[in-house]
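Worksheet: the structure to be examined is printed underneath.
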Amino acid sequence: MITLAQRIEELRCERGLSRPALAAELKLPRTAVEKFETGRQTPSREQQAQLAAFFGVSLFYLRGESNDRTRQETWMDAGFAGEEPAPAPAPRRAPKPTPAPDAGEQGGTLLDSMIAGKKFQEALQRAVLEALRSPEGQNLLTQVIRKELARMK
């Protein structure tokens, strides 16, 4: 399982930043990032939110609770506002490819194991279908289809 400290170091290295440079970018004390990465200090909630925003990742990803970098507000707000989601900022250096862990494989997060389960996937499918059958879901589908048809013209 990836820790918050490891994730901060991974994201910092992807950007090609030194520890003091990242601290300066975030207006933190010079040694703060070193303390975060070595586990001597845990960033406050505000600092975690600041780090996630800087790297363009979700708090779940930053904390090592998920391997999905997607920021929830990016894709959820776009669906309801009728807008396309903003593209995620491209890392300066390509990350090392990591295979998706199997449910029983070590190294995956608890969330990854849960999502890989058949019962969870079936429950999620039922919930999505139920939501799409609701009047609000039908309205959302209509908006998306109209937008796509207009884009195709």
Side-chain angles (χ1 to χ4, degrees), residues 1-117 119-121 123-125 127-128 131-132 136-137 139-141 143-148 150-151:
M1 179 174 196
I2 303 244
T3 65
L4 172 64
Q6 292 168 324
R7 193 71 84 184
I8 293 170
E9 183 177 17
E10 170 191 317
L11 291 166
R12 176 183 59 78
C13 290
E14 282 179 10
R15 289 278 182 106
L17 294 171
S18 66
R19 288 173 174 172
L22 177 58
E25 288 280 334
L26 299 174
K27 297 180 177 31
L28 296 172
R30 190 169 191 270
T31 59
V33 175
E34 178 184 355
K35 290 177 181 177
F36 297 159
E37 289 183 5
T38 59
R40 289 186 291 155
Q41 181 179 346
T42 301
S44 67
R45 288 179 190 240
E46 293 81 20
Q47 291 169 329
Q48 289 178 29
Q50 187 181 12
L51 283 160
F54 179 79
F55 291 118
V57 298
S58 70
L59 282 170
F60 293 114
Y61 181 82
L62 181 70
R63 293 179 188 140
E65 297 168 358
S66 171
N67 288 330
D68 181 7
R69 292 178 179 232
T70 308
R71 294 180 56 129
Q72 259 187 333
E73 62 273 10
T74 302
W75 63 268
M76 286 182 74
D77 289 346
F80 292 109
E83 302 170 358
E84 292 294 324
R92 293 185 184 174
R93 194 174 350 154
K96 296 176 185 173
T98 55
D102 292 334
E105 182 179 316
Q106 284 189 336
T109 64
L110 179 61
L111 182 60
D112 293 326
S113 298
M114 184 181 77
I115 290 172
K119 285 185 179 182
F120 176 81
Q121 291 176 359
L124 181 61
Q125 182 180 14
V128 169
L132 291 175
E136 295 86 3
N139 187 25
L140 181 61
L141 281 174
Q143 291 174 5
V144 169
I145 290 170
R146 285 184 181 151
K147 184 176 180 181
E148 284 300 309
R151 190 175 64 91

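The chain is numbered in sequence order, starting from 1. Just so it is clear, the values below take in all heavy atoms, side chains as well, and ignore hydrogens, waters and symmetry mates.
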Worksheet item: Can E148 and R151 be said to form a side chain to side chain contact (heavy atoms under 4.5 Å, CB included), step by step?
Response: CA-CA 5 Å; E148 284 300 309; R151 190 175 64 91; 2.6 Å; yes
Point-to-point distance, once rounded to the nearest 0.5 Å, from [atom1] of [X] to [atom2] of [Y]:
{"X": "T31", "Y": "F36", "atom1": "OG1", "atom2": "CZ", "value": "9.0 Å"}
{"X": "L22", "Y": "F55", "atom1": "CG", "atom2": "CZ", "value": "4.5 Å"}
{"X": "L26", "Y": "L17", "atom1": "CG", "atom2": "CG", "value": "9.0 Å"}
{"X": "I115", "Y": "Q121", "atom1": "CD1", "atom2": "CD", "value": "9.0 Å"}

Worksheet item: Yes or no on side chain to side chain contact (heavy atoms under 4.5 Å, CB included) for M114 and L111, after CA distance, side-chain angles and deciding distance?
Response: CA-CA 5 Å; M114 184 181 77; L111 182 60; 3.7 Å; yes
Discussion item. Using side chain to side chain contact (heavy atoms under 4.5 Å, CB included), reason through T42 and Q48 one step at a time and then give a plain yes or no.
Written reply: CA-CA 9 Å; T42 301; Q48 289 178 29; 4.1 Å; yes
Practice prompt. Taking atom types as modelled, find out whether D68 and T70 have a side-chain donor-acceptor pair closer than 3.5 angstrom.
Written response: yes
Discussion item. Tell me which pairs pass salt bridge (Lys or Arg N to Asp or Glu O under 4.0 Å) where either residue lies in residues 35-58, with sequence neighbours left out.
Written reply: R12-E37, R19-E37, E34-R40
Worksheet entry | For the student: nearest non-hydrogen atoms of A23 and P29, plus distance | CB-O, 3.4 Å
Non-hydrogen side-chain atoms of [X] and [Y] separated by less than 4.5 Å:
{"X": "Q125", "Y": "V128", "value": "no"}
{"X": "R7", "Y": "V57", "value": "no"}
{"X": "P43", "Y": "I8", "value": "yes"}

Discussion item. Pair L11, R69 - check side chain to side chain contact (heavy atoms under 4.5 Å, CB included), show working.
Written reply: CA-CA 11 Å; L11 291 166; R69 292 178 179 232; 3.8 Å; yes
